Engineer: 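For reference, the structure I am asking about is given below.
Quick note on labels: first sequence line is chain A, next is B, and so on, each numbered from 1. Not measured: the values here are computed from a predicted model.
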There are 2 protein chains.
Amino acid sequence: MLKKQLIMQKAVELFAEQGFEATSVQQITDRCGISKGAFYLSFKSKDELILALIDQFMTEIITDIDSIVKSNKSKDELLFDFFYINLSLFEKYSDYAKTFMQEQLHLIKEEFIEKMHYYNLLNEKTILELVERVYGDHVQDIKYDLVYCIKGFIRIYTELFFVSHTPPDFEKLSHSLVEKTNLLAKHTKLPFITAEYAPLLQSPKNNEISKEKIVEVINQNLEEVEQGIERESLILLRDQLNMPTLPRAIIKGLIRNIRQHPITKWTSYLLENYYD
Amino acid sequence: MLKKQLIMQKAVELFAEQGFEATSVQQITDRCGISKGAFYLSFKSKDELILALIDQFMTEIITDIDSIVKSNKSKDELLFDFFYINLSLFEKYSDYAKTFMQEQLHLIKEEFIEKMHYYNLLNEKTILELVERVYGDHVQDIKYDLVYCIKGFIRIYTELFFVSHTPPDFEKLSHSLVEKTNLLAKHTKLPFITAEYAPLLQSPKNNEISKEKIVEVINQNLEEVEQGIERESLILLRDQLNMPTLPRAIIKGLIRNIRQHPITKWTSYLLENYYD
DNA sequence: TATAATAATGACCAATCAGTCATTTGTCAA
DNA sequence: TTGACAAATGACTGATTGGTCATTATTATA
């Protein structure tokens, strides 16, 4: 399990430098100081490594952002924190971001694209929730537009940091983006994304978080998490999925218990959105 | 020369589908219905093909957009037309856009990245000129921010079209983006990109358009353009670069003469910016 | 220390690639 | 019809790839 993490870490470094088509398994194992054969003890194939990296990166980002949006911060703080965390995460995981954060990047294999698509929709849902929380019903007609403007802001300023190599002032940028978003929210009269585009955002075909899927993820978690509050909470939560008996407050509390742990926080995100 | 165009056309199709790392020369020649050897009669290497494609796409886009910005349209029309043309061009050259329009895409070779960087800076300069023309001195402090917001808008809505496969309504979107840009231009008080970022935009190291470079491009044009107004204009303009004698009005007129021709319009762009 | 079980190795394989070049095909004028 | 030249071909090469597997090294157990 430790070896696996080492490979993923070195691999994403190389991918950010060269792209994964251009990075060979040999290069990865060389940088890890292990043999080529050892790679295939951790991953069945190079593709599986890439899928694992996408999962690791996207679940990390999405849970942290969703956590901010769902926190009980004031409306004023909320938008600022959202931008600030978002930008900070992209900096922290800049190797991942460089490798995967291009929407229609050449992920060649359909499998990769689908996965990114799925995570992207989850992310859009979170941003939509943010907009609704911050601006309430006043922005009903323009909320989808706001989601895309926010995405556009983040995209282009992140790119600026990647290209310019200047030390980023996330504080200043976040304040600036809050102002811009507020301006658009208050004055926009001509939204572009109206009803006909909305379905894209509202959980299409495979965007749904199913009970079975969550149970699967929990069982996976249980293999990796030792004794402790998290483990107990996981087991109780799994039982609740199959046979609900406990009151909502308790369930909420159990979800809270697994919010912080790096292995289980994705599960808490899934559950939180399952019970909404 | 015709063969070269065929190869470029089919190649960019395949690149948009698979990315160029994953596309083999054999695949390209198969789709063209020619042999592999014939490819190397038109291009010295696969890399040379990619560089040629970047040149073709970026010069096409940049000249057309710059042409709009430099036209004598009213301020009201200008911004709308800018968005409309920009979006239309991305649709027209969607295969190119899919392949190249990802800023930090894995163009692996330093050479590719540099080229894209260069063109990107030219594009930013054009957008800056647009902002200055439309909003005048009122936006002195926030103009660089506006440039990036405009880029962000275009980026994210283009992506939306690429992903959603819905028929795009450029008219509606352009109106919407005009409104958004106007809002930001009128009310923004907290710009992010101030003096310290500005140098990035103001013709750095290799962003300059040199006389020698233009002469080189003109000589290349002359090999491809037959007799006609364009050819005569090119020769006169080349002479003017080496030994200026004619008044500005005449030079402007000569540049106009080569504005429309597909082969020479990039030259007209270079000259226009050389004489500004 | 001896034995079993697991972890790690790297030579090897088949497939694929960009690029080459001897050969063939096509196209002229004489 | 012939011959000279250019255009086009595709079998071939050497290098690189993802992935395998017989062998070796390491660790744990008795």
Side-chain angles (χ1 to χ4, degrees), chain A residues 1-56 99-100 105-113 115 223-224 226, chain B residues 1-55 99-100 105-113 115 223-224:
Chain A
M1 194 50 60
L2 216 94
K3 181 74 58 62
K4 209 166 175 171
Q5 271 303 315
L6 175 71
I7 292 171
M8 288 173 81
Q9 186 193 312
K10 299 298 182 189
V12 81
E13 272 177 35
L14 283 161
F15 289 162
E17 291 167 20
Q18 315 173 328
F20 36 70
E21 285 286 320
T23 302
S24 67
V25 174
Q26 188 71 62
Q27 277 179 288
I28 296 169
T29 54
D30 282 353
R31 186 168 289 196
C32 290
I34 61 171
S35 71
K36 199 172 167 184
F39 174 92
Y40 288 93
L41 294 176
S42 295
F43 296 96
K44 275 207 278 291
S45 66
K46 196 183 169 189
D47 281 7
E48 200 187 81
L49 164 67
I50 292 163
L51 290 171
L53 285 171
I54 294 177
D55 277 331
Q56 171 160 313
T99 310
F100 299 118
L105 87 168
H106 296 119
L107 287 167
I108 299 120
K109 321 235 164 149
E110 206 63 43
E111 213 179 342
F112 301 164
I113 299 176
K115 199 177 257 294
E223 287 175 23
E224 303 174 57
E226 322 93 84
Chain B
M1 194 51 56
L2 216 93
K3 181 75 57 64
K4 208 166 176 174
Q5 270 305 316
L6 174 72
I7 292 171
M8 289 173 80
Q9 187 194 312
K10 298 298 182 188
V12 81
E13 273 177 34
L14 283 160
F15 289 161
E17 291 166 21
Q18 314 174 328
F20 36 69
E21 285 286 318
T23 302
S24 67
V25 173
Q26 188 70 64
Q27 277 178 287
I28 297 168
T29 54
D30 282 354
R31 187 168 290 196
C32 290
I34 61 173
S35 72
K36 199 173 168 186
F39 174 91
Y40 288 93
L41 294 176
S42 294
F43 296 96
K44 274 209 276 292
S45 66
K46 196 183 169 189
D47 281 6
E48 200 187 83
L49 165 67
I50 292 163
L51 290 172
L53 285 171
I54 294 177
D55 277 331
T99 309
F100 299 118
L105 87 168
H106 296 121
L107 288 166
I108 299 122
K109 322 235 164 150
E110 206 62 42
E111 211 181 342
F112 300 164
I113 300 176
K115 200 179 255 294
E223 286 176 22
E224 303 175 55

Engineer: Side chain of A/Val25 only, please: which of D/dG18, C/dA18, C/dT9 is the nearest?
Structural biologist: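 Of the options given, the side chain of A/Val25 lies nearest D/dG18.
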Engineer: Could you tell me how far apart B/Gln26 (CD) and C/dA15 (C1') are, to the nearest whole angstrom?
Structural biologist: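 Taking CD of B/Gln26 and C1' of C/dA15, I get 14 Å after rounding.
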Engineer: Considering heavy-atom distances to DNA chain D, does A/Ser24 or A/Gly37 have its closest nucleotide positioned more toward the 5' end?
Structural biologist: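 First, find each residue's nearest nucleotide; the 5'-ward one identifies A/Ser24.
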Engineer: Could you tell me how far apart A/Glu48 (CD) and D/dG19 (P) are, to the nearest whole angstrom?
Structural biologist: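 Roughly 10 Å, once rounded to whole Å.
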Engineer: Separation of B/Lys44 atom NZ from C/dC21 atom P, in whole Å?
Structural biologist: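 Rounded to the whole Å, the gap is 16 Å.
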Engineer: Looking only at non-hydrogen atoms, find the nearest pair between B/Ala22 and B/Gln27 and report the distance.
Structural biologist: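 Looks like O-OE1, 3.5 Å.
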Engineer: May I have the distance from A/Asp30 (atom CG) to D/dT16 (atom P), rounded to whole angstrom?
Structural biologist: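 Value for this atom pair: 13 Å.
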Engineer: Provide, to the nearest angstrom, the distance between the CG atom belonging to B/Leu6 and the C1' atom belonging to D/dA8.
Structural biologist: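 Going from CG in B/Leu6 over to C1' in D/dA8 covers 14 Å.
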Engineer: If I take atom CD1 in residue B/Ile7 and atom P in nucleotide C/dG19, what distance separates them, rounded to the nearest angstrom?
Structural biologist: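 So the CD1-P distance, B/Ile7 to C/dG19, works out to 13 Å.
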Engineer: Mind listing the closest non-hydrogen atom pair of B/Glu48 and B/Lys44 along with its distance?
Structural biologist: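 Nearest heavy atoms, B/Glu48 then B/Lys44: OE1-N, 3.2 Å.
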Engineer: Closest approach to the side chain of B/Leu41, judged atom by atom: which nucleotide of D/dG19, C/dT20, D/dA8 is it?
Structural biologist: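 So the nucleotide nearest the side chain must be D/dA8.
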Engineer: Is the base of C/dG19 touched by the side chain of B/Lys46 through a donor-acceptor pair closer than 3.5 angstrom?
Structural biologist: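 No, the side chain and the base share no sub-3.5 Å donor-acceptor pair.
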Engineer: Is the backbone N or O of B/Thr23 less than 3.5 Å from a side-chain atom of B/Lys46, with the two atoms forming a donor-acceptor pair by type?
Structural biologist: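 Yes; at least one donor-acceptor contact below 3.5 Å.
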Engineer: What nucleic acid atoms does B/Thr29 come within less than 4.0 Å of, heavy atoms only: base, sugar-phosphate, or nothing?
Structural biologist: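 Nothing: the residue B/Thr29, judged by heavy atoms under 4.0 Å, touches no strand.
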Engineer: Do you know the tightest heavy-atom contact between A/Leu49 and A/Ala11?
Structural biologist: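 The answer is CD2-CB, 3.8 Å.
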Engineer: Compare the minimum distances between each of C/dA8, C/dG19, D/dA8 and the side chain of A/Ser35, then state the nucleotide with the smallest one.
Structural biologist: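 In terms of side-chain proximity for A/Ser35, the closest of C/dA8, C/dG19, D/dA8 is C/dA8.
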Engineer: Which atom pair, heavy atoms only, marks the closest approach of A/Ser42 to A/Lys4?
Structural biologist: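 Nearest heavy atoms, A/Ser42 then A/Lys4: O-CE, 3.7 Å.
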Engineer: Once you round it to whole Å, what is the distance between C1' of D/dA8 and CD1 of B/Ile28?
Structural biologist: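 Result: 18 Å.
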Engineer: Between D/dA22 atom C1' and A/Lys36 atom NZ, what is the distance in whole Å?
Structural biologist: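 Roughly 16 Å, once rounded to whole Å.
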Engineer: Looking only at the side chain of A/Lys3 (C-beta and beyond, no hydrogens), which of the listed nucleotides C/dA18, D/dG18, C/dA8 gets closest?
Structural biologist: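 Selected nucleotide: C/dA8.
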